[in-house]
Asker: 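Next up is a structure, given as structure tokens.
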Protein chains: 2
Amino acid sequence: MIENPSASSVGLRRDMEILELLAGHGGGRDVDGLGVSWIAQRLGREKSQVSRALRSLESEGMVERDPVTRRYRLGWRLFALAARTSQSRLVQVAAPFLRRLAMIIDEDSHLCVLRGDSVLTVLSVPSSRAYHRIWEGVAIPVIMAAASRSLLSDWDDDQMRAILRAKLPGGLSAELGDEKQWLADAAHVREHGYTTTDVELEDGVLGVSAPVRDHRGMVAAAISVSVARVRDEARLHEMGRLVGETARQLSIALGLPPGSSFDYPVTSGP
Amino acid sequence: MIENPSASSVGLRRDMEILELLAGHGGGRDVDGLGVSWIAQRLGREKSQVSRALRSLESEGMVERDPVTRRYRLGWRLFALAARTSQSRLVQVAAPFLRRLAMIIDEDSHLCVLRGDSVLTVLSVPSSRAYHRIWEGVAIPVIMAAASRSLLSDWDDDQMRAILRAKLPGGLSAELGDEKQWLADAAHVREHGYTTTDVELEDGVLGVSAPVRDHRGMVAAAISVSVARVRDEARLHEMGRLVGETARQLSIALGLPPGSSFDYPVTSGP
DNA sequence: GAAATCGTTGCACTGGGTGCAACTAGTTTT
DNA sequence: AAAACTAGTTGCACCCAGTGCAACGATTTC
């Protein structure tokens, strides 16, 4: 058999597929929870296998079963474990900062981290306006996230080029912006402490992001704000300065020594 | 232990033991993360077994490895799974708690969440008495909801003041109570685990509410009960204690580590 | 009440996990 | 610098746990 270098055991893979399915369908509006047969069919596995796997997962508290509908959903144990991840601490420290930021500029604010070749949003604070999609827990490819510019900002140019080329499957490269723009954006982050992404992610929305550093000065996360397209260039960069300043304060709250070489002043500039 | 009737598969049990160990020692001790041999010894298992299990877990993102120290800690996948479902799970898990509460005190009980600058009621359990308005799916402004006191209870005073001022359009401020009362109510929540709102929302009705925390300890929702105005102050606070205790138990059911700093005892007091 | 759906269980088979030991790699000791 | 020690990975033979099929009980549907 051809070995996957990062191979996972069959049992674990099956369990993870089940958990992922339960998580994915958690946002469903209809009835909540999934039945054994539905999961089995969706996964292309034996009913019996899924039934037994779920019972095991239940006995460990990873899933729980509704006593009446007999449907499964994710369990308390998973949430308890999640609370102990490194992301969890980050979120708790960052929450007040993002709330304040969202209140001031009244736009959706997100906290994103880099995981592998995806950008994971770990905290979303919606603006006061209407309903916006919650991105928490959702991972999107590096090249499609506005926050990537900040997350990758202190990578070598070569490494950045490498990940961009690897992750741009042909045709997409044109519409998603070229390397030069990425490198320029990263440079802007290094100089000014934030960057704006003029690539359209959604209609009429700009991305403003800034890097958050941990105690060692390494980029640990990024604050990303979706800004409704504005004509006023100056106002956009004023927002950028605000995002950058918030990221700087959050970095210090996370243990970045104030005044260190990484704790540079945030300046507003094109 | 002799024999668990609802037995878990061998592989899963081993994986869970590992994850639990990582969770227990990941919470900021000396150095972050655990090594293979240490885990193996602690679990009384073969090194090789632990080594392979951890590699599988890593490939699924359940754990992640520090590239330099080669130590493992809990991974982003746990966080991502939990974040995506905590919302929808809330209602399912909360339902029995609210039903029980409504049965004991025989008043309308509601579960409310904060969305943007509105308070959304996601679950309503009516009392046995006659007709009461159903609030499910209804969003009302923060300043007009009794549950807000609990939902905002661990915000900074500054942030709370900010949202109050921003959302009080002039003339309304007078009749809806002043900032001091809000801050006092929030403080009461932090100290006693619940609060009562003596501002009249409807005729002769008081609002009793308590914060529900998610696995991270953040306020995720609030239980809010409309109590027919009672003369007896002591009875009101006894109800408050009951609401607070229900919210506490619900929090734990949602994954809040029992005994954590957020899991404070609920006390009845003015 | 027949039929369909959903979930669980019994059982023979086999493939993946297990434990031992050898191995590499890094660090400290002599 | 060789030896000794620690940390982690890998090869391999054995064998038990997981697999798939099918039958079964429990509900729901028509």
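Each chain gets a letter, A, B and so on, in the order the sequences are listed, and its residues count up from 1. Side chains included, hydrogens not; waters and symmetry mates left out as well; all remaining heavy atoms used.
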Asker: Between A:E136 and B:R84 (salt bridge meaning N to carboxylate O under 4.0 Å), is one present in this structure?
Answerer: no
Asker: Please check if any side-chain donor atom of B:Q249 sits under 3.5 Å from a side-chain acceptor atom of B:R100, or the reverse.
Answerer: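 Indeed, the side chains of B:Q249 and B:R100 share at least one donor-acceptor pair under 3.5 Å.
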Asker: Under a 3.5 Å cutoff, is there a donor and acceptor pairing between the side chains of A:S124 and A:H110?
Answerer: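 A pair is found: one side chain offers a donor N or O, the other an acceptor, under 3.5 Å apart.
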Asker: Tell me the interatomic distance from A:Q41, atom CD, to D:dG20, atom P, rounded to whole angstroms.
Answerer: 16 Å
Asker: Taking the side chain from A:D214 and the backbone from A:G217, do they hold a donor-acceptor pair closer than 3.5 Å?
Answerer: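 Looks like yes, one N/O pair under 3.5 Å.
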Asker: Counting primed atoms plus P, OP1 and OP2 as sugar-phosphate and everything else as base, spell out the protein contacts along nucleotides 25-30 of chain D at 4.0 Å heavy-atom distance: B, S or - for each nucleotide, 5' to 3'.
Answerer: ------
Asker: Side chains of A:S209 and A:S224 only: does a donor on one sit below 3.5 Å from an acceptor on the other?
Answerer: no
Asker: Between P on C:dT8 and CD1 on A:I39, what's the gap in Å once rounded to a whole number?
Answerer: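 Answer to the nearest Å: 11 Å.
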Asker: If you measure from the Lys or Arg side-chain nitrogens to the Asp or Glu carboxylate oxygens, is any gap between A:D154 and A:R213 under 4.0 Å?
Answerer: yes
Asker: Spell out protein contact along nucleotides 5-18 of chain D as letters: B when the base is contacted, S when just the sugar-phosphate is, - when no protein heavy atom is under 4.0 Å; keep the 5' to 3' order.
Answerer: --SBSBB-----SS
Asker: Taking CG from B:L43 and P from C:dG19, how many angstroms apart are they, rounded to a whole number?
Answerer: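 So the CG-P distance, B:L43 to C:dG19, works out to 12 Å.
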Asker: Does the pair A:R14/A:E17 count as a salt bridge with the N-to-O cut at 4.0 Å?
Answerer: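 No, no charged N to carboxylate O under 4.0 Å.
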Asker: Would you mind reading off the distance between A:R45 atom CZ and D:dC21 atom P, rounded to a whole angstrom?
Answerer: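 Nearest whole value for this atom pair: 14 Å.
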Asker: Do the side chains of B:E64 and A:R115 get close enough for a salt bridge, i.e. N-O under 4.0 angstrom?
Answerer: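 Here B:E64 pairs with A:R115 in a salt bridge, since their nearest N and O are under 4.0 Å apart.
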